[in-house]
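Reading through the structure tokens given below for one structure.
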Amino acid sequence: MRANDQVAAALAKLVLLTQLEDGSAQSFRTRAYDRAANAIRALPEDVSTLDLAELRAIDGVGDSTAKKIREYLETGHMKSLDELSAKYPDEFVAMLRVPGVGPRTAITLRDKLGIESIDQLREAVAAEQLRELPGLGAKTEEKIGTAIDKLGLAGKDRRMPIGPTLRIANGLVEDIGAIDGVSAVRYCGSLRRFRDSIADIDVLVVADGADEAVDADEAAGVDEAVDAAVADARESIQVDVRVVEPDQWGSASLYFTGSKEHNIALRQRALARGWMLNEYGLMDEDTVVASATEEDIYRALDLDFIPPELREDLGEIEAAAEGNLPDLVDVDDIRGDLHVHSTWSGDGRSSLEDMVAAAAGRGLDYIAITEHAEDLSINGLSRDQVAEERAVLDELRGRYPELAILHGSELNIDPDGGVDYDAAFLAGFDWGVASVHSHFDLPAEKQTQRIITAMENPAVSVIGHLTGRKLGRRPGIELDFDAVLDAAAATNTALEINSHLARLDVPADLLIRARDRDDVRYTISTDSHDVTEFANIRWGVQNARRGWVQRSQVVNTWPLADFLAWAG
DNA sequence: GCCGTTTTCGGCCCGACTGTTTTCAGTCG
């Protein structure tokens, strides 16, 4: 694990322990540690190389936390963390994961009933002991009991991969939008910010006349219809719905989209101007300064519009204040798709002819057909098959003169960084994607080296789905990302941003870490295996946006001639 | 614990909901 992640994890644990110590999740100390943890996690530099003064220079890290970090880096321990850990063992801290149990309740349970773990808590609920405690009652006891039984299904930290969540959310938006009296609907929350895992779906609805007493019946009807529309989805994920008035669309969207940290920073900015910001509007006493659109509110706060994908309080507010937001890529900017399979690959589902027709139909200027290569035993193309496909492509080029068709290959990076075929054969391809498809468990050093070796191969123009992760299923390989970035720049090899919702790879968290590296190039491609998957490009674009990737860094936004000149 | 177009001391985002209350504490987002 990266030193930054280790330090952030230690500070995150300190947050939990301090919540218990202070009896509040909102104590200033707790929030300070939390802020520091986030800052360290998002820091592009390696935290272990920073001295005390450099640590203090980080926004959110002061004297005390800087010393704790140095102590941790030098000794592997933090005295205050060790002391609190002894006082609050992991078993006890785990009780905070139960919905309804916060720091106060946890302490009360221990002081009055001697409860030290979730198991003991379950027993106390069964024995109806909780209802005797001050501030608790039978209802709370029952709620906690139910929450424990569903833990894992409904725990505070349960998250779902974005793919299935998006499908559910898009269905909800469609169903709710069709309800009589609903004039606008959108999903918000971390889904709109395009995080790759989601805890709940937040849906914002505008219902005509929701605010007028005369239309109370109609408003109630909308509420009922909305409830019915989300009932099924609630079987699989938490769904929060909020119905608002039309003139609150902007402030409610902002509030509901978050992130929490972004909202807090915006509210502080409002306070500095003598205003107050909440979900109902940006207010000057009783006067509404702005509320109808998010654009209005940002403008009133002297900020450029901040796209949802950037709203994490990772510097976007400062950038917006200075007019320095990154020039993000849009779906319409994408001119080519550089990672495409067909049934020539064993796992392809649409014919080559159909794939090319679909690409042309989408108005793309260029595509690279990149079937699996021979070392992928089940799916890969033999040399003879490569030659056959090339002949077919020649014929297709005649049929689609507006579409430049490159013949590429998706090569397999072996454990030592070698790829399929031989140098002479590789030279026959127009384009080379190289990807990891095996040996996911090698140590980071070895993984990093195999990627770098592949980059040094002249036949390799881009590394496909860098980490090989499958969201919710496979974690992805360990690697030294900074070394990979250095090699990418040095060898002029792009990094692919894979658009498939199960991958979204390079992960946005890594892209953010690379945001100051304008020497790194990217492709955004679909890795399509059938004609429907070309539409996935929008997810790759959103992932790139979340990663602060600049439009100019994405080579397949470039005109064909520029792209070909770069690709050599 | 952090920080400064209001501050080196005195503030620190805002509101809903629930359940326990007789005016509010705790939890959650």
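Residue numbers begin at 1 in each chain, while the letters A, B, ... track the order of the sequences.
Residue A:Arg31 contributes atom CZ, which lies 14 Å from atom P of B:dC2 at whole-angstrom precision. Summarising the geometry, the separation between CG on A:Leu133 and C1' on B:dG19 is reported as 14 Å, rounded to the nearest angstrom. In this structure, A:Leu20 places its CG atom 14 Å from P of B:dG26, rounding to the nearest Å. A:Arg35 places its CZ atom 13 Å from the C1' atom of B:dC13, with the value rounded to the nearest Å. With rounding to whole Å, A:Leu84 atom CG is found 11 Å from B:dG1 atom P.
Between A:Asp34 and A:Arg31 no salt bridge is recorded (no basic side-chain N to carboxylate O distance below 4.0 Å). In this structure, A:Lys112 does not pair ionically with A:Glu132, as no charged nitrogen and carboxylate oxygen lie closer than 4.0 Å. A salt bridge is defined here as a Lys NZ or Arg NE, NH1 or NH2 lying under 4.0 Å from an Asp or Glu carboxylate O, and A:Lys79 with A:Glu83 meets this definition.
Checking B:dG1, B:dC3, B:dC14 against every side-chain atom of A:Arg29, the shortest atom distance belongs to B:dG1. Distances from the side chain of A:Lys139 to the nucleotides B:dT20, B:dC12, B:dC14 place B:dT20 closest. You'll find that the side chain of A:Glu279 is closest to B:dG15, out of B:dC13, B:dG15, B:dG1. The side chain of A:Thr140 has B:dT20 as its nearest neighbour among B:dT20, B:dG1, B:dT27. Side chain of A:Tyr280, nearest nucleotide from B:dC14, B:dC12, B:dA16: B:dA16. Of the candidate nucleotides B:dC14, B:dC3, B:dC13, B:dC14 has the atom lying nearest to any side-chain atom of A:Met276.
Between B:dG26 and B:dT22, the two P atoms lie 15 Å apart (nearest whole Å). Distance noted for atom C1' between B:dG19 and B:dC13: 25 Å (whole Å). For the P atom pair drawn from B:dT27 and B:dT21, the interatomic distance equals 15 Å after rounding to whole Å. Nucleotides B:dC28 and B:dT20, compared at atom P, are 15 Å apart to the nearest Å. Using C1' as the reference atom, B:dT23 and B:dT18 are 15 Å apart when rounded to the nearest Å. Here, B:dG11 and B:dT6 have their P atoms 15 Å apart, quoted to the whole Å. Taking the C1' atoms as reference points, B:dT7 lies 13 Å from B:dC2, given to the whole Å. One P atom belongs to B:dG15, the other to B:dG10, and the distance between them is 26 Å to the nearest Å.
In this structure, A:Arg110 is positioned above the aromatic face of A:Phe92, its NZ or CZ under 6.0 Å from the six-membered ring centre and within 45° of the axis.
Note on A:Glu261: nothing from the nucleic acid sits closer than 4.0 angstrom, heavy atoms only. A:Pro103 comes within 4.0 angstrom of the backbone, heavy atoms only, and of no base. Heavy atoms of A:Leu271 sit under 4.0 angstrom from primed sugar atoms or phosphate atoms, though from no base atom. Among the heavy atoms of the strands, none lies under 4.0 Å from A:Asp202. Within the nucleic acid shown, A:Ala138 comes within 4.0 Å of sugar-phosphate atoms alone, with no base atom in reach, counting heavy atoms only. A:Gly60 comes within 4.0 angstrom of the backbone, heavy atoms only, and of no base.
Using cut-offs of 30° and 60° on the angle between ring planes, the pair A:Phe194 and A:Trp539 is parallel.
Not one side-chain nitrogen or oxygen of A:Thr105 sits closer than 4.0 Å to the OP1 or OP2 atom of B:dG26. Phosphate contact (OP1/OP2 of B:dG1, side-chain N/O of A:Lys68, threshold under 4.0 Å): present. Contact annotation: A:Arg104 reaches the phosphate of B:dG26 (side-chain N/O to OP1 or OP2, under 4.0 Å). Contact annotation: A:Thr18 does not reach the phosphate of B:dG1 (side-chain N/O to OP1 or OP2, under 4.0 Å). Residue A:Asn263 has no polar side-chain atom (N or O) positioned under 4.0 Å from OP1 or OP2 of B:dC13.
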task: In sequence, state the C-alpha distance, the side-chain angles, and the governing distance for A:Arg192 and A:Glu294, and then conclude on salt bridge (Lys or Arg N to Asp or Glu O under 4.0 Å).
output: CA-CA 14 Å; A:Arg192 185 163 176 240; A:Glu294 292 181 330; 2.9 Å; yes
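Both A:Leu96 and A:Leu136 lie near DNA chain B, and the one whose nearest nucleotide falls closer to the 5' end is A:Leu136. Residues A:Thr30 and A:Gly137 both approach DNA chain B. Their nearest nucleotides, taken by heavy-atom distance, put A:Thr30 toward the 5′ side.
Once the 5.5 Å centre distance and the 30° plane angle are applied, the aromatic ring of A:Phe28 is found not to be stacked with the base of B:dC2.
A donor-acceptor contact shorter than 3.5 Å is absent between the side chain of A:Arg131 and the backbone of A:Glu141.
Considering every non-hydrogen atom in both A:Arg186 and A:Ser253, the closest pair reads NH1-OG, 2.7 Å.
Nucleotide B:dC17: paired with B:dG26 (Watson-Crick or G-U wobble, both distances less than 3.5 Å).
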